[in-house]
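The block underneath contains the structure these notes are about, expressed in structure tokens.
Numbers here simply count residues along the sequence, with the first being 1.
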Amino acid sequence: MVVREGSNVTLRCAATGSPEPSIAWRREDGQLILLGNGQKVTSVKGPNFNITKVNRVHMGSYLCIASNNVPPSVSKRITLIVHFPPMIWVQNQLVGAQEGQQLTLECHSEAYPKSINYWTRDKDEIVPQGGKYEPVLLDNAYKVQMKLTISSVSPSDFGSYKCVSRNSLGDTDGSINVYRKYQFISELI
């Protein structure tokens, strides 16, 4: 089932048997289920499982388990996919560096469907991969950690960088400014 973040969704499951089976919903990954009131539970009872204002933490596979004390219990899987536009978090928006040092810039992005992620410089020019720049993406489901490592900072590397995340629902970016950090040497007399 595919839904947009913020909408309401009902997962339905029906079962027959003698005696009449009871139905419980669980997350397949074993995580707790977040209810609309902020409460977290291991399972939800009943044939209809309502989620109000669905969000990305609800994404995953749910098992509808029917049991009537006559083994075996039976289950069906429903996978819930939540679509939402990209969001970006930048922990350090201002980063100081000295010439010659290695520097890594970092952004965190969340988006679904999967986003296209890249880095740009001052005039929205895409930072080339290879040479002194090494962009790395570490993704886990809808979360992406973007890193840009500059192997040896030179004067032309100071300035503004943007991490960009884009999918079919929208795009966003985060800015990081890299400034020259001077090293002062004090002399004791």
Side-chain angles (χ1 to χ4, degrees), residues 1-7 9 27-34 38 40 51 53-62 77-187:
M1 182 175 278
V2 179
V3 294
R4 187 82 187 253
E5 191 168 53
S7 61
V9 66
R27 284 189 65 113
E28 188 177 44
D29 59 12
Q31 290 184 37
L32 294 175
I33 297 171
L34 178 67
K40 291 182 176 182
I51 304 172
K53 295 198 173 164
V54 71
N55 71 45
R56 62 201 71 178
V57 301
H58 292 111
M59 194 164 3
S61 294
Y62 292 83
R77 177 192 299 117
I78 295 179
T79 300
L80 180 63
I81 296 170
V82 181
H83 281 191
F84 57 95
M87 298 176 79
I88 281 186
W89 293 267
V90 179
Q91 198 165 3
N92 297 317
Q93 294 182 320
L94 191 59
V95 178
Q98 295 175 0
E99 282 186 44
Q101 86 171 75
Q102 178 177 301
L103 178 66
T104 300
L105 308 178
E106 195 172 320
C107 290
H108 296 269
S109 166
E110 292 185 3
Y112 204 89
K114 209 168 179 59
S115 56
I116 297 168
N117 300 284
Y118 56 92
W119 292 88
T120 65
R121 280 295 310 267
D122 302 298
K123 298 179 181 109
D124 291 333
E125 297 166 7
I126 293 177
V127 175
Q129 186 166 354
K132 70 187 302 184
Y133 299 107
E134 190 54 48
V136 174
L137 296 177
L138 304 169
D139 61 357
N140 172 16
Y142 58 84
K143 297 181 180 186
V144 177
Q145 183 181 14
M146 299 172 64
K147 290 184 176 187
L148 178 66
T149 300
I150 305 169
S151 61
S152 178
V153 174
S154 66
S156 65
D157 295 319
F158 298 114
S160 179
Y161 291 79
K162 280 185 186 172
C163 47
V164 182
S165 183
R166 158 175 301 181
N167 74 5
S168 58
L169 301 175
D171 60 83
T172 189
D173 60 61
S175 294
I176 299 175
N177 283 306
V178 177
Y179 68 93
R180 182 189 313 264
K181 193 162 72 176
Y182 294 97
Q183 184 174 13
F184 295 101
I185 300 169
S186 60
E187 204 174 287

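When all heavy atoms of L103 and A97 are compared, the pair lying nearest together is CD2-CB, 3.9 Å. Contact record, W119 with P135: CD1-CB, 4.1 Å, taken as the closest heavy-atom pair. Scanning all heavy atoms of the two residues, the minimum distance from L169 to P113 falls at CD1-CD, 4.2 Å. Of all non-hydrogen atoms in V82 and R56, the two that sit nearest each other are CG1-N, 4.2 Å. Here the shortest heavy-atom pairing between V90 and C163 reads CG2-SG, 4.1 Å. Between N167 and K114, the shortest heavy-atom distance links the atoms CB-O, 3.8 Å.
Between the CD1 atom in I116 and the CG atom in D171 there is a gap of 10.0 Å [rounded to 0.5 Å]. In this structure, Y62 OH and D29 CG are separated by 8.0 Å, a value rounded to the nearest 0.5 Å. Put simply, CG on L105 and CD1 on I176 are 5.0 Å apart, with the number rounded to the nearest 0.5 Å. With rounding to the nearest 0.5 angstrom, the OH atom of Y161 is 3.5 Å from the CD1 atom of I150. Separation of atoms CD (Q145) and SG (C107) is listed at 10.0 Å; rounding is to 0.5 Å. With values rounded to the nearest 0.5 angstrom, Y118 atom OH is found 12.5 Å from L137 atom CG.
At least one side-chain heavy atom of Y179 sits less than 4.5 Å from a side-chain heavy atom of L94. Taking the side chain as every heavy atom from C-beta outward, M59 and L80 never approach each other to under 4.5 Å. Residues T149 and Q102 have side chains in contact (heavy-atom distance under 4.5 Å, counting atoms from C-beta outward). You'll find the side chain of S109 reaches within 4.5 Å of the side chain of S115, heavy atoms only. Proximity of V54 to E5: side-chain heavy atoms (C-beta onward) are nowhere separated by under 4.5 Å. Within the 4.5 Å cutoff, no side-chain heavy atoms of M146 are placed close to those of H108. Side-chain atoms of I81 and V3, non-hydrogen and from C-beta on, never get closer than 4.5 Å to each other. Put simply, the side chain of F158 does not reach to within 4.5 Å of the side chain of N177, judged on heavy atoms.
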Inset, instruction - Run the numbers on K162 and I126 for side chain to side chain contact (heavy atoms under 4.5 Å, CB included), then give the verdict. - result: CA-CA 9 Å; K162 280 185 186 172; I126 293 177; over 6 Å; no

Stepwise side chain to side chain contact (heavy atoms under 4.5 Å, CB included) check, E99 with R180:
CA-CA 8 Å; E99 282 186 44; R180 182 189 313 264; 2.4 Å; yes

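N117 and S165 form a side-chain donor-acceptor contact under 3.5 Å, judged by distance and modelled atom types alone. Inspection of the S154 and K132 side chains reveals an N or O donor paired with an N or O acceptor under 3.5 Å. With hydrogens and angles left out, the side-chain atoms of E106 and Q91 include no donor and acceptor closer than 3.5 Å. There is no side-chain donor-acceptor pair under 3.5 Å between S175 and S160.
Between H83 and Y112, the ring-plane angle classifies as tilted under the 30° and 60° cut-offs.
Take K40 and apply the side-chain contact (heavy atoms from CB on, under 4.5 Å) test, not counting sequence neighbours, and it matches L32, L34. Judged as a side-chain contact (heavy atoms from CB on, under 4.5 Å), and not counting sequence neighbours, the contacts of P128 are Y133.
Identified under the salt bridge (charged side-chain N to carboxylate O under 4.0 Å, His left out) test for residues 78-88, with sequence neighbours left out: none.
Relative to the six-membered ring of F84, R4 misses at least one condition, a distance below 6.0 Å or an angle of at most 45° to the axis.
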